[in-house]
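A note on names: the letters A, B, ... follow the listed sequences, proteins ahead of strands, and every chain is numbered from 1.
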Number of protein chains: 2
Amino acid sequence: MPNNKPTPVTMDAVYTAPGYLFRRMQQIAVALFIEECKAFDLTPVQYAALVTISTHPGIDATRLSAVIAFDRSTLGNVIERLQAKEFIVRKPAPEDKRVKLLYLTKAGAAVLSDIMPSVDKAQARMLQPLKPADRKTLLALLTQLVDLNNEASRVPLRAEDALEHLGRSG
Amino acid sequence: MPNNKPTPVTMDAVYTAPGYLFRRMQQIAVALFIEECKAFDLTPVQYAALVTISTHPGIDATRLSAVIAFDRSTLGNVIERLQAKEFIVRKPAPEDKRVKLLYLTKAGAAVLSDIMPSVDKAQARMLQPLKPADRKTLLALLTQLVDLNNEASRVPLRAEDALEHLGRSG
DNA sequence: ATTTAATTGACAGTATACTGACAATATGGC
DNA sequence: GCCATATTGTCAGTATACTGTCAATTAAAT
């Protein structure tokens, strides 16, 4: 005969779900970043954008979005804020009137090099509670998992594709 | 003599940062949840709130926030949306005019029991790419890490404290 | 009991995220 | 060259998150 007992719902339906744990860790990661970097007025997303513009001067917003796997719509606002803080400039591309190319300003390069130690400290702090060997294991598995799930996100990482048009034949 | 070479910034400053990886996994987790559960019109946060109200009928918003470690301000809007969908009701507490107690409606209980298999499928899918042993390892380390970093988040998990006032002496 | 503290829900402001749409512009097929 | 298609940046709408504030209310201090 069928089992008609309703499955009892417990908080384990939340606490043991990997999605819940990833959400918690993301919140913790942001909190630690903000705390360590509060002197620099940069968010984690803004930091990632700055790094990418630094390593790919003249990148445009769409390619930037692909290189860090952030949503293109969201990135518009991020870029505006970085521009308002005068950490980057936008220049129209001469050969394509739709495109605006992104470059670091001197202030942007300065803040990026200044913030690095604090970013590193924040990244170290969030893994600190684990034993060193466990940190390595977690980081390796996490890197694998993100990579293997790349296509599942709305904006998959496309670092190679995005670079094809930059600094080469064109 | 001092080393004046500027540290070359590479994309590793982003790609290997645990904070970046947690952000990516969180986005992937949400995308998979939404995809698997699109028939139910529930977000991951709304699901967690529903589960908690189901296991703690009569909980108030502040304690709900502590039990799932979500921001209290944010939760106000979440509760409003759940109420608009008629999955929960809010009743004023007789002994404290500030408090509004939360209860599942029949529709809320139904959607919760209906959505469970899809939630489980989404949770399984995000770990699927890993070998079974690696899934266990990752989940164990992640659970540890969230727990050990509990105080670092703005809204630490306070499941026990939050329960003290419910269904007991009062 | 009256002043003081803390709590609760609400709100305003900022910052990610995603969906879907749009105009301007480029590019391809023909 | 023209037309269908694709790309780029932008915008409106919704949903988390966090900061800080506030009025109403309750609890604590004395």
Side-chain angles (χ1 to χ4, degrees), chain A residues 19-20 22-24 26-35 38 41-49 59-66 68-85 90 92-102 152-155 161-162 165, chain B residues 19-20 22-24 26-35 38 41-49 59-66 68-85 90 92-102 152-155 161-162 165:
Chain A
Y20 175 77
F22 286 128
R23 176 182 298 271
R24 287 279 291 139
Q26 209 267 322
Q27 287 175 350
I28 289 164
V30 172
L32 290 175
F33 183 104
I34 297 295
E35 190 183 321
K38 57 175 174 291
D41 188 31
L42 271 188
T43 66
V45 169
Q46 290 167 13
Y47 163 78
I59 197 173
D60 63 90
T62 296
R63 251 145 294 280
L64 174 57
S65 144
I68 50 182
F70 289 169
D71 188 83
R72 221 182 41 166
S73 299
T74 307
L75 219 47
N77 303 323
V78 176
I79 287 170
E80 254 176 39
R81 280 171 217 122
L82 286 175
Q83 198 175 16
K85 294 175 189 174
R90 270 196 282 197
E95 78 286 0
D96 189 334
K97 290 177 192 168
R98 295 168 305 178
V99 174
K100 297 177 183 176
L101 307 177
L102 304 171
S153 61
R154 187 190 178 202
V155 187
D161 298 13
H165 305 280
Chain B
Y20 174 76
F22 285 127
R23 177 182 297 271
R24 288 278 290 136
Q26 210 266 322
Q27 288 175 350
I28 289 164
V30 172
L32 290 175
F33 183 103
I34 297 296
E35 191 183 321
K38 57 175 174 290
D41 188 31
L42 271 187
T43 66
V45 169
Q46 289 166 13
Y47 163 77
I59 197 172
D60 63 272
T62 296
R63 250 145 295 279
L64 174 57
S65 145
I68 50 182
F70 290 169
D71 189 84
R72 222 180 41 165
S73 298
T74 306
L75 219 46
N77 302 324
V78 176
I79 287 170
E80 254 176 38
R81 281 172 215 121
L82 286 175
Q83 198 175 16
K85 295 176 189 172
R90 271 197 281 199
E95 77 287 359
D96 189 333
K97 290 176 192 168
R98 295 168 305 179
V99 174
K100 297 178 183 176
L101 308 178
L102 304 171
S153 61
R154 177 167 188 225
V155 187
D161 298 13
H165 306 281

**OP:** Grab the NZ-C1' distance between K38(B) and dC18(C) for me, whole Å please.
**Re:** 16 Å
**OP:** State the syn/anti category of dA24(C) according to its glycosidic angle, syn meaning within 90° of 0.
**Re:** anti
**OP:** Please tell me which of the listed nucleotides, dT26(D), dT25(C), dT8(C), lies nearest to the side chain of K97(B)?
**Re:** dT26(D)
Subject >> Distance in angstrom units between N77(B) CG and dG9(C) C1', rounded >> reply: 12 Å
Original post:
With sequence neighbours left out, what residues match R72(B) under side chain to side chain donor-acceptor pair (under 3.5 Å)?
Top reply: none
**OP:** For A152(A) and L32(B), work out which heavy atoms get closest and say how close.
**Re:** CB-CD2, 3.9 Å
Original post:
Quick one: F70(B) CZ to dA15(D) C1', roughly how many Å, whole number?
Top reply: 13 Å
Original post:
What is the distance, rounded to the nearest whole Å, between atom CD of Q27(A) and atom C1' of dA15(C)?
Top reply: 14 Å
Original post:
Mapping I28(B) and D41(A) to their closest nucleotides on DNA chain C, which lands nearer the 5' end?
Top reply: D41(A)
Original post:
dC18(D), dG9(D), dT26(D): which one has an atom nearest the side-chain heavy atoms of A61(A)?
Top reply: dG9(D)
Original post:
Now, which nucleotide makes the Watson-Crick or G-U wobble pair with dT26(D), with each of the two distances under 3.5 Å?
Top reply: none
Subject >> side-chain N/O Q46(A) vs dT16(C) OP1/OP2, d < 4.0 Å >> reply: yes
Subject >> L82(A)/L42(A) under side-chain contact (heavy atoms from CB on, under 4.5 Å): CA gap, chis, key distance, verdict >> reply: CA-CA 9 Å; L82(A) 286 175; L42(A) 271 188; 3.9 Å; yes
**OP:** Report yes or no: is there a donor-acceptor pair, N or O only, under 3.5 Å between the side chain of R98(B) and the base of dT8(C)?
**Re:** no
Original post:
Is V78(B) touching bases, backbone alone, or none of the nucleic acid, heavy atoms closer than 4.0 Å?
Top reply: sugar-phosphate
Original post:
Side-chain N or O of R81(B) less than 4.0 angstrom from OP1 or OP2 on dT14(D)?
Top reply: no
Subject >> Along DNA chain C (nearest heavy atom to each residue), the more 5'-positioned of K85(A) and T62(B) >> reply: T62(B)
Original post:
Got L102(A) and R90(A) here, is their nearest side-chain heavy-atom distance under 4.5 Å?
Top reply: yes
Original post:
Below 4.0 angstrom from OP1 or OP2 of dT10(D), is there any side-chain N or O of R90(A)?
Top reply: yes
Original post:
Looking at dG20(D), does its base get a donor-acceptor pair with the side chain of S73(B) below 3.5 Å?
Top reply: yes
Original post:
Does a nitrogen or oxygen in the side chain of R63(B) sit under 4.0 Å from OP1 or OP2 of dT8(C)?
Top reply: yes
**OP:** Figure out the CD1/P separation between I34(A) and dT14(C), and round it to whole Å.
**Re:** 16 Å
Original post:
Counting side-chain heavy atoms from CB outward, which of dG9(C), dA15(D), dT8(D) is closest to R72(B)?
Top reply: dG9(C)
**OP:** Would you kindly give the CG-to-C1' distance between D96(B) and dA24(D), to the nearest whole Å?
**Re:** 10 Å
**OP:** Check every strand shown and say whether T43(A) touches a base, only sugar-phosphate, or nothing at a heavy-atom separation below 4.0 Å.
**Re:** sugar-phosphate
**OP:** State which residues pass side chain to side chain donor-acceptor pair (under 3.5 Å) with D96(A); sequence neighbours excluded, sorted by chain then number.
**Re:** R98(A)
Original post:
Over how many whole Å does the gap from I59(A) atom CD1 to dT8(D) atom C1' extend?
Top reply: 14 Å
Subject >> No-hydrogen, no-angle side-chain donor-acceptor test under 3.5 Å, R81(B) and Q46(B) >> reply: no
**OP:** Starting at atom CG of L75(B), determine the distance to atom P of dT16(D), rounded to an integer number of angstrom.
**Re:** 9 Å
